[in-house]
2 protein chains.
Amino acid sequence: MVQSCLADRLGRYLRLGDTERRALGALEESERLVSRGQVLRAEQAPARELFVVRRGWLYSSMLLPDGNRQILSVHLPCEFAGDTGMAWGNAPFTLVAATDAVVGVIDKAALRRLFAEHPRLGLLLYTLAQAERVALADRLASVGRTSARARVAALICDIMRRLRAGGEAVEDGIPLPLTQEEIGDATGLTAVHVNRMMRQLVEEGVIARSNGRVRILDEAQLAATANHIDRFATIDTGWLGS
Amino acid sequence: MVQSCLADRLGRYLRLGDTERRALGALEESERLVSRGQVLRAEQAPARELFVVRRGWLYSSMLLPDGNRQILSVHLPCEFAGDTGMAWGNAPFTLVAATDAVVGVIDKAALRRLFAEHPRLGLLLYTLAQAERVALADRLASVGRTSARARVAALICDIMRRLRAGGEAVEDGIPLPLTQEEIGDATGLTAVHVNRMMRQLVEEGVIARSNGRVRILDEAQLAATANHIDRFATIDTGWLGS
DNA sequence: CGATTTTTTGACAGTATTCAACGGGGGTGG
DNA sequence: CCACCCCCGTTGAATACTGTCAAAAAATCG
């Protein structure tokens, strides 16, 4: 069996037993490759499955009637993607590959057995879904109540810390494979203004950029201008039990 | 046993058996009263429980370091409140009573038994949590990518339709017990601008107002200016099984 | 290496915020 | 029961931030 990315991530929150690990590994029934820019699943397309990112980045977005797009979240390795659509037969959001990527495919009906046989994992999934709601709420607060500069900083800070939580080395910079237009769609700004704000962050010595990578020069400063709270660092799943 | 508000709401999505109903009823161990404006639970306060709104409205909000506030969602009768905090020992958000209200209290540890004994309900809760994520994503798109007028319209439209889904008569208007400042904090606008936008919606004949109530004169128009999609109307939980 | 996409820059426009002041309604205390 | 006060809603004027439009430079892709 392929090493389960999902089990690794859940293992960060709970000490998993062998049966649990196996059950999680068995969830992903197949694998799919998508290349940068490709749509993995379009809004409104029939959707019976959810995905686990194995390699690369995806993002989910929705299109407004006036042609505007909102990027709702970026999905990094070992995270779910498309799991929000479980309550519908058709996908609420579009899933796009931000880089070349590989995803594991889970039929949502397979979750029935997981919840029945491993209630503790079910509860963990539920708890993490709630944590994702909190993360989305943080983004809402960022977009609704902070300046353009803060929003851009928040995006970078959030991604950097999630990469680090995933075990990636971030000291010599992180990849940022999003165009400024995509960053704008994520933060509720125009591409032009994203450019100005990133440039400003560079001038202030908070970050540095070179060919698609961002290096954080002053994390404290970045987090401060972003109003960023590292919520995932304080997650407590002790009450989930044995 | 008191009629369980929670069981009623879950019953909208799944035909519940008697044992299931009983199990849901047993979750809420006590009841608490809060009066308009009162804080049910403050951000960062220790939090072992979640709530079910029995009567009245609540909202959850977070405070930014600069003093700004973002209202994250409004909780109507029979909905959860504070369930997002499950992954932490301390509450991520503040819960405030928007009107005098009554809530049922659920210790989060009680969910362990529910998930173990009624996996189908666990899966339903998980699915509905995902649906809430989608609702929040819709709000993010509204705040990030639409005009002030559209955001105000979206808030009204959303609440109206959720009240209707809850079985309330909305034809002769709905209550809107939020100050314009609160509406601003929910939509990412200033109170002053909320005032102008509501006034504009009135002038255009989309809504009418009288002492704390709003009557929707042209729902199609309202939904159109709001870019509103009634996602909860199309929820499909058939795959959850027997 | 040519074509296309992305980034960068400047000038200008527009939407929403800020600041300030006034009116109304409801609740509280005398 | 009335007066007072505070909060909320309303309005106007000036400001500021972000968006729009346009064009050129730079980078990426095939």
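Chain letters run A, B, ... following the sequence lines, proteins first and then strands; every chain starts at 1.
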Per-nt protein contacts along nucleotides 4-9 of chain D (heavy atom under 4.0 Å; B base, S backbone sugar-phosphate only, - none) come out as ----SS
Practice task
Without swapping roles, check the side chain of B:S142 against the backbone of B:D138 for a donor-acceptor pair under 3.5 Å.
Solution key: no
Electrostatic pair B:D107:B:R48 at N-O distance under 4.0 angstrom: yes
note: A:R213, atom CZ; C:dT6, atom P; distance rounded to Å ~ 20 Å
Between B:L72 and the options A:L140, A:V134, A:L136, the side chain to side chain contact (heavy atoms under 4.5 Å, CB included) test singles out A:L140
Letter by letter from the 5' end, nucleotides 12-28 of chain C scores (B base, S sugar-phosphate only, - none; protein heavy atoms under 4.0 Å) ----BBBB---------
Distance col, row A:T187:OG1 vs A:E182:CD, nearest 0.5 angstrom, shows 11.5 Å
For B:D83 and B:L50, indicate whether the former's side chain and the latter's backbone hold a donor-acceptor pair under 3.5 Å. no
Should B:E204 and B:R149 count as an ion pair when the cut-off is N to O under 4.0 Å? yes
| task | Begin from the C-alpha positions of A:I156 and A:I207 and carry the test side chain to side chain contact (heavy atoms under 4.5 Å, CB included) through to its verdict. | result | CA-CA 10 Å; A:I156 294 171; A:I207 61 173; 4.1 Å; yes
**Request:** Please confirm whether the backbone N or O of B:R69 pairs with a side-chain atom of A:R145, one donor and one acceptor, at under 3.5 Å?
**Result:** yes
